[in-house]
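Treat the numbers as computed from the prediction; the structure is a model and nothing was measured. Excluded from the calculations below are hydrogen atoms, water molecules and symmetry mates; all remaining heavy atoms, backbone and side chain alike, are included.
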Amino acid sequence: MNPKLREKTLESLSAVLPITGIVLLISIFLIPMELGTLVMFVVGAIMLILGMGFFQLGAEMAMTPIGEGIGVQISKTRRIIMVLAIGFVMGALITISEPDLQVLAQQVPSVPNRVLILTVAVGVGIFLALAIIRIKFQIDLSKMLIVLYLLLILASFFVPGEFLAVAFDSGGVTTGPMTVPFIMAMGVGLASRRTDKNSSSDSFGLVALSSVGPILAVLILGCFYRPTEAVYSLGEMASVATTRDVVRVFGVSLPAYAREVLVSLLPIAAVFVVFQLITRRYHRRQLKRIAVGLVYTYIGLVLFLCGVNVGFAPVGSFLGQELASLLFKWILVPIGMLIGYYIVKAEPAIQVLNHQVENVTDGAVSVKAMNRCMSLGVAISVGLAMMRVLTGLPIQWILIPGYLIALVLSRFVPKIFVGIAFDSGGVASGPMTSTFLLPLSIGTCQALGGNLMTDAFGVVALVALTPLIAIQIMGIVYQVKTNAMRRRALQNAAYLDDCDDIIDLEEGGTYGKT
């Protein structure tokens with residue numbers, strides 16, 4: 001096996017193993033499962049591990065250099081109209097190809113799938129163009145986010161309550177495994193030509209602003225549609241009796257995901273081909289590496305999506321239904337928090353973000369620290385989501401105070417942490433959230449007889465919210481530690497200077513006597 005692929009696969013193993021262990025323990029002590037169901041789940045976990053390994057290596061070899069190259073080229077373009085056009089087209093194309101958006105579109109009632117997808121794509125395209133302009137003209141990210149999120153909060157009062165959770169969920173699902181590596185790398189490329197002190201911090205923030213666009217677009221769409229009832233079909237675990245049945249189920253599903261991922265990757269591959277023909281940026285060896293990386297990305301996403309949808313999603317809905325039927329229903333909250341703590345580590349785009357943060361900050365913000373903050377944030381998110389399902393608490397009672405806290409914090413933390421935090425919110429709400437946590441929430445809601453649109457939907461939005469606060473708190477702690485270290489260094493330097501002065505005086509006195 002390729003040493004780099006082995007390294008990525010081992011990272012994936014360490015990320016997926018805890019959530020797999022938690023589900024197995026629940027099946028032993030709380031919710032007994034049929035053996036066939038557990039086998040399907042374990043096979044899905046294996047595919048998940050292999051898929052994440054291939055995807056991470058593929059993103060490193062292909063998606064990152066393509067995104068950086070396009071970002072560098074855009075930064076050289078002086079015509080603003082051209083920059084806006086490129087940003088809009090890139091944002092719209094990548095969004096349309098995002099698998100998570102296709103899943104969400106099928107679940108939203110009263111809105112045709114194509115209308116919702118195109119609305120979200122336009123929103124991402126417009127805001128990605130604005131994000132590129134922000135980097136070129138060095139506009140303060142915090143101020144921009146404050147204005148935009150206050151606009152979102154204001155718009156939320158004019159749409160039906162049934163549409164609010166779906167709108168904020170759409171902001172999370174659009175920044176999935178297909179878009180995040182590409183858009184983040186584009187930000188690094190855009191900022192790389194700058195030499196000012198804010199260039200590193202400005203390389204983050206594209207994902208954050210790209211997440212705002214679809215929320216605002218869907219909120220506006222909600223003024224024209226009136227959804228009243230969710231039409232959600234929970235995936236049922238296939239009935240299997242032998243290992244041959246397991247192979248058959250996954251074998252039948254695999255071609256469908258192979259086609260889906262191929263359609264998703266084609267726009268990015270086409271953009272790369274056109275970009276190379278125009279700029280001739282990459283030489284033959286780089287082209288070969290990118291081509292191999294795209295193949296790895298394709299294999300990884302096919303394995304990942306098949307494993308998650310066939311093996312994981314049905315177990316999520318099953319656990320939700322069964323846990324809700326227990327005598328102590330509130331056990332859902334701590335169990336949800338435990339699942340949330342570990343499941344975020346299995347998001348493929350999370351590892352891409354964490355490694356990029358470590359590289360850009362020269363190790364000042366480590367992968368370990370990012371993982372810890374993200375896990376704590378998502379644990380709180382899932383706990384809140386389970387509490388909402390149990391109590392029917394309106395989502396705006398959590399989202400509005402949460403975003404206000406995040407926006408206030410953005411004025412007090414180092415600039416680089418603002419971009420990292422708001423990027424992390426979009427990255428955390430990936431396919432594991434939409435295919436395991438959302439079915440878990442919906443299964444629970446159905447068992448309790450709640451309203452799916454107002455109570456079950458919104459878990460993606462909450463997962464996208466809490467990392468904003470957690471990462472910025474980490475930024476404040478980092479700043480306090482840095483300032484303390486700086487003060488100690490200055491004190492030590494002053495002490496050494498005093499010692500040198502004393503020595504000089506003593507030596508001078510000795511020389512004077514002699």
Side-chain angles (χ1 to χ4, degrees), residues 55-56 58-60 62-75 83-101 120-136 141 144-145 148 170-192 200-215 217 264-265 267-269 271-272 275 293-294 297 301 347-357 359-360 418-431 464 467:
F55 172 81
Q56 289 183 65
E60 184 180 297
M63 305 294 278
T64 299
I66 293 174
E68 283 187 12
I70 293 176
V72 170
Q73 202 63 34
I74 292 175
S75 66
V83 172
L84 289 171
I86 293 172
F88 177 81
V89 171
M90 293 301 305
L93 278 177
I94 297 171
T95 301
I96 290 172
S97 68
E98 184 58 58
D100 289 354
L101 181 58
V120 171
V122 169
V124 174
I126 292 172
F127 277 77
L128 181 59
L130 289 177
I132 293 171
I133 294 297
R134 182 196 75 81
I135 292 177
K136 283 184 70 70
L141 177 62
M144 201 168 182
L145 288 170
L148 291 173
S170 67
V173 300
T174 49
T175 48
M178 193 64 69
T179 56
V180 168
F182 187 88
I183 291 179
M184 289 189 62
M186 187 186 294
V188 173
L190 283 163
S192 64
S200 294
S201 60
D202 279 348
S203 66
F204 297 98
L206 264 74
V207 174
L209 292 173
S210 298
S211 299
V212 175
I215 300 174
S264 300
L265 270 178
I268 295 174
V271 167
F272 167 66
F275 177 73
L294 286 173
T297 303
L301 276 177
E347 289 286 3
I350 284 289
Q351 305 308 322
V352 176
L353 169 70
N354 291 349
H355 284 290
Q356 184 165 327
V357 169
N359 291 335
V360 171
V418 177
I420 292 171
F422 280 83
D423 277 357
S424 68
V427 176
S429 49

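- Among all heavy-atom pairs drawn from Ala129 and Leu84, the shortest one is CB-O, 3.6 Å.
- Note that OG of Ser211 is 8.0 Å distant from CD1 of Ile183, once rounded to the nearest 0.5 Å.
- Residues Phe182 and Ile70 are in side-chain contact: their nearest non-hydrogen atoms beyond the backbone lie under 4.5 Å apart.
- What you find for Leu141 and Phe204 is that their closest heavy atoms are CD2-O, 4.3 Å.
- The line from CE of Met63 to CD of Glu68 is 12.5 Å long, rounded to the nearest 0.5 Å.
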#### Entry: Steps toward side-chain contact (heavy atoms from CB on, under 4.5 Å) verdict (Gln73, Ile86)
CA-CA 11 Å; Gln73 202 63 34; Ile86 293 172; over 6 Å; no
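- Of the inter-residue distances, the one linking Glu60 atom CD with Thr297 atom OG1 reads 10.5 Å to the nearest 0.5 angstrom.
- Scanning both residues, Gly91 and Val124, for their nearest heavy atoms gives O-CG1, 3.7 Å.
- Going from atom CZ of Phe275 over to atom CE of Met90 covers 9.5 Å, rounded to the nearest 0.5 Å.
- Considering only heavy atoms from C-beta on, Pro181 comes within 4.5 Å of Phe55 through its side chain.
- Evaluation of the side chain to side chain contact (heavy atoms under 4.5 Å, CB included) rule for Phe272 yields Ile66, Tyr282, Leu287, Ile290 as partners, not counting sequence neighbours.
- Atoms CZ and OG1, from Phe127 and Thr95 in turn, are 12.5 Å apart once rounded to the nearest 0.5 Å.
- The distance from atom CG of Leu190 to atom CZ of Arg134, rounded to the nearest 0.5 Å, is 10.0 Å.
- Every residue two or more places apart in sequence or in another chain that forms a side chain to side chain contact (heavy atoms under 4.5 Å, CB included) with Val83 is listed here: Ile74, Thr77, Ile132, Ile133, Lys136.
- For the pair Ser264/Leu301, no side-chain contact is recorded, criterion being any heavy-atom separation below 4.5 Å from C-beta on.
- In this structure, the side chains of Leu128 and Phe88 stay at 4.5 Å or more apart for every pair of heavy atoms.
- Contact between Ser75 and Gly189 at its shortest, heavy atoms only, is OG-O, 4.3 Å.
- For Ala131, the side chain to side chain contact (heavy atoms under 4.5 Å, CB included) partners are Leu206, Leu209, not counting sequence neighbours.
- Contact between Ala185 and Thr64 at its shortest, heavy atoms only, is CB-O, 3.2 Å.
- Contact detail for Pro65 and Ala59: the closest heavy-atom pair is CD-O, 4.3 Å.
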